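Since the structure comes first, as structure tokens, the remarks are kept for the end.
This one's a predicted model, so the numbers in the text were calculated from it and none came from an experiment. Counting starts at 1 for both ligands and their atoms, following the listed order.
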Amino acid sequence: MKNIIIFGAPGSGKGTYSDEIVKRYNMGHISTGDVLRAEIKGGTELGKTAKSYIDQGQLLPDSLMIDILAKTYDAMPTGQGVIFDGFPRTIAQAEALKQMLAERKHDMGVMVELIVDEETLLARLLNRAIEQGRADDNEETIKKRFAVYHAQTEPLAEWFEKEGMRHTFTWKGDKDVMLGEIFAYLDTLK
Ligand code: ATP
Ligand code: MG
């Protein structure tokens with residue numbers, strides 16, 4: 001499979017759909033949120049830095065994230081394609097990813113955008129707070145993450161559009177329906 005960038009607001013299901021895509025196409029998976037949460041759990045210096053941003057609902061600085069992404073990518077097998085989940089989140093990160101992959105003679109692949117209404121997003125994140133106890137899944141921080149998403153990440157959709165990579169899928173109330181639509185598209189790429 002080609003590389004896939006999965007893109008969407010907090011709670012849009014990037015992690016959930018990534019897991020399904022990884023199983024079906026046997027690819028690698030980089031979730032920058034998971035990488036950072038593992039660092040926090042391990043009590044590393046990076047984890048301490050990450051926590052100070054994540055708890056505020058803010059993005060980590062681009063230079064730091066780009067470095068983390070490249071190290072993670074170079075440490076994993078890439079032959080079957082990789083799904084990027086949670087990266088890029090800014091135009092600078094997208095430009096850096098493009099350059100990083102070009103340097104390695106790897107293709108950017110395609111972008112899968114998940115469009116979900118904000119009422120559903122909020123309900124999912126509040127539910128996740130109960131189920132997983134993520135520190136940033138409280139109503140105040142969620143609101144900040146939505147604002148950061150609209151200001152810094154959403155404009156990236158246009159960047160992908162210009163690159164001819166953007167493929168949009170809209171939530172209509174059923175996970176299997178959405179997953180079926182995503183698979184139908186990805187199957188055409190194999
Ligand atoms: P989802 O609910 O769809 O899994 P999310 O947006 O709620 O997504 P993560 O992707 O797990 O959550 O990210 C959690 C936090 O980690 C972000 O709010 C941000 O602080 C930090 N983070 C993760 N990826 C990046 C990135 N590429 N650039 C900057 N900060 C990042
Ligand atoms: Mg996630």
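Looking only at heavy atoms of the protein, atom 30 (N) of ligand 1 is closest to L60 N, 3.1 Å. When hydrogens are left out, the protein atom nearest atom 20 (O) of ligand 1 is Q58 O, 2.6 Å; that is the closest non-hydrogen contact. R89 NH2, 3.4 Å is the protein heavy atom nearest to atom 13 (O) of ligand 1. Of the protein's non-hydrogen atoms, the one nearest atom 28 (N) of ligand 1 is Q93 NE2, 3.0 Å. In this structure, atom 7 (O) of ligand 1 lies nearest to the protein heavy atom R145 NH2, 2.5 Å. Closest to atom 15 (C) of ligand 1 among all protein heavy atoms lies I54 CG1, 3.9 Å.
Minimum interatomic distance between I54 and I40 (heavy atoms only, all atoms of both residues): CD1-CD1, 4.0 Å. Across every non-hydrogen atom of F160 and P88, the tightest pair is CZ-CG, 3.8 Å. Shown here for T49 and S52, the closest heavy-atom pair between the two residues is O-OG, 2.6 Å. Taking every heavy atom of both residues into account, H150 and P155 meet most closely at O-CD, 3.5 Å.
Residue-to-ligand polar distances keep L59 apart from ligand 1: every N/O pair is separated by 3.5 Å or more. Looking at L125 next to ligand 1, no N or O pair under 3.5 Å apart turns up. For P10, no nitrogen or oxygen atom sits less than 3.5 Å from a nitrogen or oxygen atom of ligand 1, counting backbone and side chain alike. Between T32 and ligand 1, at least one N/O pair is under 3.5 Å apart.
Because its NZ or CZ atom is not both nearer than 6.0 Å to the ring centre of W159 and within 45° of the ring axis, R89 does not count as a cation-pi partner of that residue.
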Report the C-alpha distance between R128 and E131 in whole Å, list the side-chain angles of each, state the deciding distance to 0.1 Å, and finish with yes or no for salt bridge (Lys or Arg N to Asp or Glu O under 4.0 Å). CA-CA 5 Å; R128 190 168 75 185; E131 286 177 354; over 6 Å; no
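The proximity of D34 to ligand 1, defined as any non-hydrogen pair under 4.0 Å, does not occur for either the backbone or the side chain. Of the heavy atoms in K14, both backbone and side-chain atoms come closer than 4.0 Å to ligand 1. Only the side chain of R134 comes within 4.0 Å of ligand 1, counting heavy atoms alone; its backbone N, CA, C and O stay farther away.
Short contacts between ligand 1 and G11, defined as distances under 4.0 Å to a heavy atom of the residue, involve ligand atoms 1 (P), 2 (O), 3 (O). Close contacts between ligand 1 and L36 involve ligand atoms 16 (O), 21 (C), 22 (N), 23 (C) [criterion: under 4.0 Å to a heavy atom]. Atom numbering of ligand 1 starts at 1 in the shown order; those under 4.0 Å from a heavy atom of R37 are 11 (O), 14 (C).
The salt bridge (charged side-chain N to carboxylate O under 4.0 Å, His left out) test applied to D174 returns no partner, not counting sequence neighbours. Considering only residues two or more places apart in sequence or on other chains, K143 meets the salt bridge (charged side-chain N to carboxylate O under 4.0 Å, His left out) condition with E139.
In this structure, K98 places its NZ atom where only 12 or fewer heavy-atom neighbours from other residues, nucleotides or ligands lie under 6.0 Å away.
Within the 4.0 Å heavy-atom cutoff, Q56 does not count among the residues contacting ligand 1.
Separating the CD atom in E163 from the CD1 atom in I5 is a distance of 9.5 Å, to the nearest 0.5 Å.
The heavy atom nearest to atom 4 (O) of ligand 1, out of those in K144, Q152, R128, M65, is found in R128.
Checking T90 against D62 by side-chain atom types alone, a donor-acceptor pair falls below 3.5 Å.
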